[in-house]
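As a basis for the values below, the full set of heavy atoms in this structure was taken, side chains included, without hydrogen atoms, waters or symmetry mates. A, B, ... follow the sequence lines: proteins, then strands. Residue 1 opens every chain.
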Number of protein chains: 2
Amino acid sequence: MILSKSCVYAIRAALYVTANGKGSYVSIREIAEKLDIPFHFLTKILQTLTENNLMTSFRGAKGGVALARAEESISLIEIVKAIDGMDIFKECVLGLPNCGFDRPCPLHDEMVGVRDQIKQTFEQTTLGYLAKKTKDNNFRISALAISA
Amino acid sequence: MILSKSCVYAIRAALYVTANGKGSYVSIREIAEKLDIPFHFLTKILQTLTENNLMTSFRGAKGGVALARAEESISLIEIVKAIDGMDIFKECVLGLPNCGFDRPCPLHDEMVGVRDQIKQTFEQTTLGYLAKKTKDNNFRISALAISA
DNA sequence: TTAAATTAAGATAAAAGAGTCTTAAATAAG
DNA sequence: CTTATTTAAGACTCTTTTATCTTAATTTAA
């Protein structure tokens with residue numbers, strides 16, 4: 001698994017908010033139920049996104065979370081950075097410290113390309129783009145059966 | 001981390017055996033010390049490789065492990081398969097079950113390529129090739145400083 | 001035959017990741 | 001003002017991965 005479960009939950013939740021939160025706050029309970037994510041666990045994860053200025057939150061009745069900025073300006077890598085950190089894009093596949101051009105591991109050449117490609121994908125993919133793509137193609141962001 | 005720590009240990013140990021085990025058994029203690037891997041932990045991992053017919057082992061004094069087949073005939077994917085399983089090459093980046101051409105997640109298109117590329121790399125890279133490359137270029141398979 | 005070396009196997013422990021539960025604080029609405 | 005709703009925060013539990021420890025079994029060689 002490239003991303004931690006927390007990070008996957010964060011991305012899926014952010015997509016849900018992008019797609020369903022136009023103009024108002026979305027309650028974490030709703031997100032948790034719709035995406036089949038443990039509520040309290042998701043609460044913590046979204047708190048981290050809020051701390052990292054990717055979301056804003058609002059307490060109390062009618063409270064919830066919302067994107068902190070325009071959906072086209074938030075790319076997935078910001079979420080990954082907040083939850084899993086950027087080290088996952090630098091890590092040596094054989095776990096050797098300071099693996100790189102200078103001191104490569106035997107697999108460095110083979111892996112550096114795909115790793116950069118993954119990083120680029122996360123850099124270039126915005127919540128806005130991905131939410132639109134998800135809607136247009138009726139893609140799913142939950143394992144749950146689609147409810148009308 | 002794409003591969004588990006166990007899997008990384010397995011690959012590095014297999015490379016060490018390939019490079020240093022010509023014709024005879026290499027003791028697990030030696031591998032563990034040279035590669036800075038916990039001995040008992042490595043023992044279990046190599047037992048798994050032995051159970052999967054990738055290595056043979058020999059008990060008692062002068063015992064150790066050796067490759068079960070010619071080094072050019074063992075590709076990294078066999079080690080990955082034995083330790084982490086093949087699911088890591090099928091897993092959806094967003095953790096959705098049955099993500100694929102039929103029921104893709106929003107990131108499926110972006111990820112399917114790199115995932116296949118990683119898989120191909122492990123399929124095509126043999127222990128023989130990698131050990132030779134490691135020797136020729138003086139690459140390292142351990143975090144430890146190189147000892148004369 | 002005995003001692004040393006070495007893998008095999010199983011129990012246990014430590015660490016990290018994932019998930020749950022409870023209480024506090026804030027907000028809206030009656 | 002009170003109640004219901006909702007996020008914040010912290011403690012706690014569970015599971016998986018990683019690591020350690022002990023004993024058994026096997027083999028070599030003195």
Any donor-acceptor pair under 3.5 Å linking the side chain of B/Ser73 with the backbone of B/Arg69?
-> no
Within residues 2-24 of chain B, residues whose heavy atoms come under 4.0 Å of DNA chain C = none
Ignoring hydrogens and angles, state whether a donor on the side chain of A/Tyr16 or A/Glu30 is under 3.5 Å from an acceptor on the partner side chain.
-> yes
Rounded to the Å, how far apart are A/Leu42 CG and C/dG17 C1'?
-> 16 Å
Show which residues join B/Phe58 in its hydrophobic cluster (side-chain heavy-atom contacts under 4.5 Å, direct or indirect), or state none.
-> B/Tyr25
Measure from CZ on A/Phe41 to P on C/dC21 and round the result to the nearest Å.
-> 15 Å
Please name the pair of heavy atoms, one in A/Ile83 and one in A/Leu49, separated by the smallest distance, quoted to 0.1 Å.
-> CD1-CD2, 3.9 Å
To the nearest Å, how far apart are B/Arg29 CZ and C/dA5 P?
-> 11 Å
Please state whether the phosphate of D/dT5, meaning OP1 or OP2, lies under 4.0 angstrom from any side-chain nitrogen or oxygen of A/Ser27.
-> no
Looking only at C/dA18, D/dA8, C/dA8, the nucleotide nearest the A/Thr43 side chain is D/dA8
Rounded off to whole Å, could you give me the NE2-to-P distance for the B/His40 and C/dA11 pair?
-> 15 Å
Test: A/Glu72 and A/Lys132 ion pair at under 4.0 Å | no
Provide, to the nearest angstrom, the distance between the CD atom belonging to B/Glu30 and the P atom belonging to C/dA5.
-> 15 Å
Counting only distance, no hydrogens or angles, is the base of C/dG19 paired donor-acceptor with the side chain of A/Lys44 under 3.5 Å?
-> no
So does B/Glu123 pair up with B/Lys81, basic N to acidic O under 4.0 Å?
-> no
Rounded to the nearest angstrom, tell me the gap between atom CD1 in B/Ile28 and atom C1' in D/dA19.
-> 16 Å
Side-chain donor-acceptor pair under 3.5 Å between A/Ser142 and A/Asp36, yes or no?
-> no
Look at A/Thr50 and D/dT7 and indicate whether a side-chain polar atom (N or O) is within less than 4.0 Å of OP1 or OP2.
-> no
d(CZ, A/Phe39; C1', C/dT23) in whole Å | 14 Å
Between P of C/dA24 and CD of A/Gln47, the distance in whole Å | 17 Å
Heavy atoms of A/Lys90 and A/Arg115 approach each other most closely as O-NH1, 2.9 Å
Using atom names, set out every protein N or O paired with an N or O of nucleotides 27-30 of chain C below 3.5 Å, distance rounded to 0.1 Å.
from	atom 1	to	atom 2	distance (Å)
C/dT27	O2	A/Ala61	N	3.2

Which atom of B/Thr126 lies closest to which atom of B/Glu71, heavy atoms considered = CB-O, 3.9 Å
